Amino acid sequence: QAKGSGRNTLRFFDPRTQAAVTARTALEAGLREALREGQFLLHYQPQISRDQGMVGAEALLRWEHPERGLVSPAEFVPVAEACGLIVPLGAWILRAACLQLVEWGRDAATAHWTVAVNVSALQFRHPHFVEEVVEVLHSTGANPLRLKLELTESLLLDDVEDIIRRMGSLRALGVRFSLDDFGTGYSSLSYLKRLPLDQLKIDQSFVRDLLSDPNDAAIARTIVNLAHSLDLGVIAEGVETPEQRDLLASVGCLHYQGYLFGRPAPASALPRIAAQVAQAGA
Ligand code: C2E
Ligand code: MG
Ligand code: MG
Ligand code: MG
């Protein structure tokens, strides 16, 4: 179709670009349908305290595709962000996680668990985000003190005053904030000081080679010290071995998440993991 057109048009109709655009459009349509048809679900990955055992879980989005099976969020969350679907999808995630929180609240053994929910920068910036959280908490009856929102440093590329205001409104309700993938993005220490955060989450890229790479060990130690000096909690993600956990403990990080304790799994799998951790110790 590009025959006889100018150079720019020819480039536009590059078949590879065209294929990518088609695939992307199909993925977007698939995501919209998934939301309508109830193909999304949440898995939960335990968060462990060295002293208190399992203290909560992170909700991780899964797409149960009718033909492809479980699709990774790494594949579709960026697309959901780019096409704006992350806003209604994010609302669904928040509600589902709060309903799970209410479920845990019914059992004395799990009533103290917190749920951590990933919130994309685009979703957090949406004008109605704060109202939406308030509405979800209200309509589900979830305890705001047990809700933790995971934000990433990419949020700080925007109007930081506005971000701080939004965080403040939610924090006034008791909602907590964790800064996800910490150390991998853009973060100025002066912002860090001003954000009403509760926790830093050490990115798994620093945990992976903790034992073999002295730089990673130094970074982990520095993040823990930074968290402590700012009076914040700290949790490490991607903990896969007892040796990583022990090294993290030796630099003062006492909260962990990773395959060592449990992979993301349906909520029904959590009580067994909690029991194992209670028995074996963190
Ligand atoms: P994240 O929030 O940093 O989540 C941690 C990722 O590390 C998860 O991947 C988790 O399954 C994986 N992981 C956990 N423990 C280990 C470990 O010991 N070793 C290794 N190698 N990996 C581990 P997942 O579930 O594929 O999610 C990927 C990313 O997708 C998340 O990174 C988050 O940025 C995004 N995401 C997931 N769920 C949601 C959601 O509900 N909303 C939004 N906006 N983003 C989400
Ligand atoms: Mg996260
Ligand atoms: Mg992370
Ligand atoms: Mg990550």
Side-chain angles (χ1 to χ4, degrees), residues 31 34-35 39-48 54 56-64 69-101 114-126 129 132-133 136 147-155 176-185 187 197-211 216 220 223 234-245 248 255-267 269-270 273:
L31 288 170
L35 191 55
Q39 295 169 4
F40 289 111
L41 66 150
L42 294 180
H43 276 180
Y44 293 89
Q45 185 176 34
Q47 296 190 326
I48 307 296
M54 186 173 152
E58 178 178 8
L60 292 157
L61 184 62
R62 298 291 180 263
W63 178 9
E64 178 83 76
L70 279 194
V71 184
S72 159
E75 194 178 323
F76 66 83
V77 165
V79 177
E81 285 173 342
C83 72
L85 193 74
I86 195 68
V87 172
L89 178 56
W92 179 87
I93 294 164
L94 199 60
R95 183 171 304 274
C98 283
L99 287 170
Q100 187 59 59
L101 211 44
T114 58
V115 72
V117 178
N118 292 286
V119 175
S120 89
L122 201 96
Q123 184 189 357
F124 193 81
R125 277 195 325 248
H126 190 274
F129 182 73
E132 179 187 298
V133 176
V136 169
L147 176 64
K148 186 160 67 175
L149 300 183
E150 291 196 1
L151 307 176
T152 61
E153 293 164 276
S154 61
L155 200 72
R176 325 277 175 92
F177 289 97
S178 183
L179 197 53
D180 204 354
D181 305 336
F182 185 72
T184 61
S187 68
L197 288 166
D198 297 278
Q199 187 180 61
L200 299 182
K201 196 166 190 181
I202 303 175
D203 188 67
Q204 56 189 39
S205 62
F206 304 123
V207 176
R208 196 176 305 128
D209 304 318
L210 209 49
L211 277 305
D216 285 340
I223 295 176
V234 62
I235 184 169
E237 70 179 351
V239 181
E240 296 185 354
T241 68
E243 292 75 20
Q244 289 169 337
R245 175 206 52 202
L248 287 161
H255 284 78
Y256 320 101
Q257 184 181 336
Y259 296 167
L260 174 63
F261 303 100
R263 293 186 176 244
L270 291 178
I273 295 172

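Keep in mind that this is a model prediction, so the values were computed, not measured. Counting starts at 1 for both ligands and their atoms, in listed order.
- Residue contacts with ligand 1: Asp180 is placed with a nitrogen or oxygen under 3.5 Å of a nitrogen or oxygen of the ligand (distance criterion only).
- Looking only at its N/O/S atoms, Glu150 has OE1 as the one nearest to the Mg ion (ligand 2).
- Polar contact with ligand 1: present for Tyr259 (N/O pair, distance under 3.5 Å).
- Of all the heavy atoms of Asp181, the ones lying under 4.0 Å from any atom of ligand 1 belong exclusively to the side chain.
- Listed by number with element, the atoms of ligand 1 under 4.0 angstrom from any heavy atom of Glu58 are 2 (O), 4 (O).
- In this structure, Ala59 and Asn118 approach most closely via the heavy-atom pair O-ND2, 3.4 Å.
- Closest to atom 15 (N) of ligand 1 by heavy atom, among Arg208, Glu237, Arg263, Gln45, is Gln45.
- A heavy-atom distance below 4.5 Å is found between the side chains of Asp181 and Glu237.
- Residue-to-ligand polar distances place Leu61 within reach of ligand 1: an N/O pair is separated by less than 3.5 Å.
- Residue His43 places every heavy atom at 4.0 Å or more from ligand 1.
- Taking 2.8 Å as the threshold, Glu237 counts as a candidate ligand of the Mg ion (ligand 3), since one of its N, O or S atoms lies below it.
- Note on Asp180: counted as a metal contact of the Mg ion (ligand 3), an N/O/S atom lying under 2.8 Å.
- Counting backbone and side-chain atoms alike, Ser178 contributes no N/O/S atom closer than 2.8 Å to the Mg ion (ligand 2).
- Ligand 1 places these atoms under 4.0 Å from at least one heavy atom of Glu240: 17 (C), 18 (O), 19 (N), 20 (C), 21 (N).
- By the 30° and 60° cut-offs, the orientation of the rings of Phe261 relative to Tyr256 is parallel.
- In this structure the side chain of Leu42 never reaches within 4.5 angstrom of the side chain of Leu60, judged on heavy atoms.
- Between the CG atom of Asp198 and the CG atom of Leu179 there is a distance of 11.0 Å, given to the nearest 0.5 Å.
- In Glu58, the N, O or S atom that comes nearest to the Mg ion (ligand 2) is OE2.
- No part of Gln244 comes within 4.0 Å of ligand 1, judged by heavy-atom distances.
- Ligand-side atoms of ligand 1 in range of Gly258: 15 (N), 18 (O), range being under 4.0 angstrom from any heavy atom.
- Expressed to the nearest 0.5 Å, how far CD of Gln39 lies from CG of Leu70 amounts to 11.5 Å.
- The heavy atom nearest to atom 26 (O) of ligand 1, out of those in Ser205, Pro73, Ala97, is found in Pro73.
- Contacts between Ser120 and ligand 1 below 4.0 angstrom, taking non-hydrogen atoms only, involve backbone and side chain alike.
- Taking CZ of Phe182 as the start and CG of Leu151 as the end, the distance is 13.0 Å to the nearest 0.5 Å.
- Considering His43, Gln45, Lys201, Gln47 in turn, Lys201 is the only one that fulfils the side chain to side chain donor-acceptor pair (under 3.5 Å) rule with Glu58.
- To the nearest 0.5 Å, the span separating CG on Leu89 from CZ on Phe76 amounts to 7.0 Å.
- Which parts of ligand 1 touch Asn118 is read off a 4.0 Å heavy-atom cut-off, strictly below it: atoms 2 (O), 38 (N), 39 (C), 40 (C), 42 (N), 43 (C), 44 (N), 45 (N), 46 (C).
- For the pair Val115/Lys148, no side-chain contact is recorded, criterion being any heavy-atom separation below 4.5 Å from C-beta on.
- At a cut-off of 2.8 Å, Asp181 is not counted among the residues with an N, O or S atom near the Mg ion (ligand 2).
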